[in-house]
Amino acid sequence: MADKMSGLQKAAVLLIALGPEKSASIFRYLKEDEIEELTLEIANTRSIAPQLKDDIINEFYQVCLAQQYISEGGIGYAKDLLDKALGEERAQQVITKLTASLQVRPFEFVRKTDASQVLNFIQDEHPQTIAMILSYLSPNQASMIIGSLDPEKQADVAKRIAMMDRTSPDVIKEVESVLERKLASLANQDYTIVGGVDAIVSILNTVDRSTEKHIMETLEVEEPELADEIRKKMFVFEDILLLDDRAIQRVLRDVENSDLAIALKGSNDEVKGAILKNLSKRLAAMIEEDMEFMGPVRMKDVEEAQQKIVAVIRKLEDSAEIVISRGGGDEIVV
């Protein structure tokens with residue numbers, strides 16, 4: 001029975017079986033048209049046989065298992081484990097279904113390799129090749145690698161990541177074939193969009209401060225517009241949670257109360273709490289009162305006020321008056 005159902009019908013049955021609370025959590029990750037289709041299908045589903053519900057939940061579990069195995073060690077690794085768990089025929093069905101509906105990320109095998117090993121294999125490659133590989137890695141991995149490159153190559157690679165758009169599958173395959181002889185094997189088809197400003201921002205937010213500073217200073221000379229776009233995204237207002245209480249207090253001394261009230265108007269409760277607890281009770285009460293009585297505020301004004309505070313944070317970090325907690329391990333305070 002389950003084999004004759006469409007993916008939409010199976011999804012509806014699965015959501016009904018999971019219950020309203022878990023289904024609502026899943027809906028948050030779906031597009032509006034997907035939610036509409038599922039809602040309509042759920043409304044049209046009158047009854048579900050217990051066996052059908054069990055079959056669909058089990059199928060969903062098998063696909064999740066396969067996806068986990070693929071992310072851990074690639075398609076070959078996933079098939080070997082599923083063969084033992086489900087039998088060869090069923091394992092092949094699950095893998096086929098999964099790879100037909102999902103794109104397996106290129107260089108997945110590299111993501112499972114120690115960054116220092118990857119560095120040994122790619123540090124002498126052309127900057128464009130390095131940029132492409134780093135675009136597929138996690139920010140932590142990529143930041144460790146870019147931080148270990150020769151200084152003259154760091155900014156070049158960073159620029160190429162930020163300006164990267166689409167990569168030909170032939171190029172991906174060619175680079176993968178070189179690495180697979182040394183690390184692992186994985187193939188992928190179709191054009192894939194990687195890199196971009198967000199990718200290099202994630203990497204630069206993780207590297208040590210000296211590497212970030214060198215890259216940004218070089219980009220400001222070579223690509224000023226790109227450097228400005230990257231800098232605007234480097235530290236967003238919500239990242240104030242990365243500061244300790246003492247640093248927040250130092251920042252607030254250089255912030256206008258009017259800007260603070262507008263900035264907090266558009267922030268989440270966690271950020272509000274972190275800031276208000278570092279103000280005097282009297283000033284915190286005054287800021288909260290200002291927020292309550294100022295009425296609706298344009299998002300543009302909120303963003304401008306938040307950007308002013310971010311500028312204060314960056315200035316204080318540059319002068320070493322505060323420390324931003326980073327993943328690169330460069331800031332050791334004793």
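Just so you know, these numbers come straight off a predicted model, no measurement behind them.
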Spacing of [X] atom [atom1] and [Y] atom [atom2] [to the nearest 0.5 Å]:
X: L8; Y: E37; atom1: CG; atom2: CD; value: 6.0 Å
X: M132; Y: I161; atom1: CE; atom2: CD1; value: 11.5 Å
X: Q306; Y: L260; atom1: CD; atom2: CG; value: 10.5 Å
X: I275; Y: L264; atom1: CD1; atom2: CG; value: 4.5 Å
X: L18; Y: I57; atom1: CG; atom2: CD1; value: 6.5 Å
X: I287; Y: L252; atom1: CD1; atom2: CG; value: 9.0 Å

Might you confirm whether atom [atom1] of [X] has over 12 heavy atoms from other residues, nucleotides or ligands at distances under 6.0 Å?
X: K272; atom1: NZ; value: yes
X: E304; atom1: CD; value: yes
X: E152; atom1: CD; value: yes
X: E270; atom1: CD; value: no

Side chains of Q51 and D55: any donor to acceptor distance under 3.5 Å? yes
Exercise: identify the closest heavy-atom pair between [X] and [Y]:
X: D259; Y: K308; value: OD2-CD, 3.4 Å
X: V297; Y: K265; value: CG2-CG, 4.0 Å
X: L219; Y: A155; value: CD2-O, 4.0 Å
X: A284; Y: L276; value: CB-O, 3.8 Å
X: N140; Y: S143; value: O-OG, 2.8 Å
X: M294; Y: A261; value: CE-CB, 3.7 Å

What do the steps show when you test I215 against I230 for side-chain contact (heavy atoms from CB on, under 4.5 Å), and what is the final call? CA-CA 11 Å; I215 289 173; I230 291 172; over 6 Å; no
From the list L149, I145, T129, side chain to side chain contact (heavy atoms under 4.5 Å, CB included) partner of I122 resolves to I145
Measure the shortest side-chain to side-chain distance between [X] and [Y] over non-hydrogen atoms and say whether it is less than 4.5 angstrom.
X: D245; Y: K277; result: yes
X: E292; Y: E288; result: no
X: L15; Y: E41; result: no
X: Q123; Y: S148; result: no

Would [X] end up clustered with [Y] when hydrophobic side chains under 4.5 Å apart are linked, directly or stepwise?
X: L241; Y: V255; value: yes
X: V251; Y: V302; value: no
X: L134; Y: L226; value: yes

Applying the side-chain hydrogen bond (donor to acceptor under 3.5 Å, both in side chains) test to D156, which of K159, K153, R160 qualifies? R160
Which residues pass the salt bridge (Lys or Arg N to Asp or Glu O under 4.0 Å) test with D254, sequence neighbours left out? R250
Quick check: does any side chain N or O of E317 sit under 3.5 Å from a backbone N or O of I322, one acting as donor and the other as acceptor? no
Got a salt bridge between R298 and D301, using NZ or NE/NH1/NH2 to carboxylate O under 4.0 Å? yes
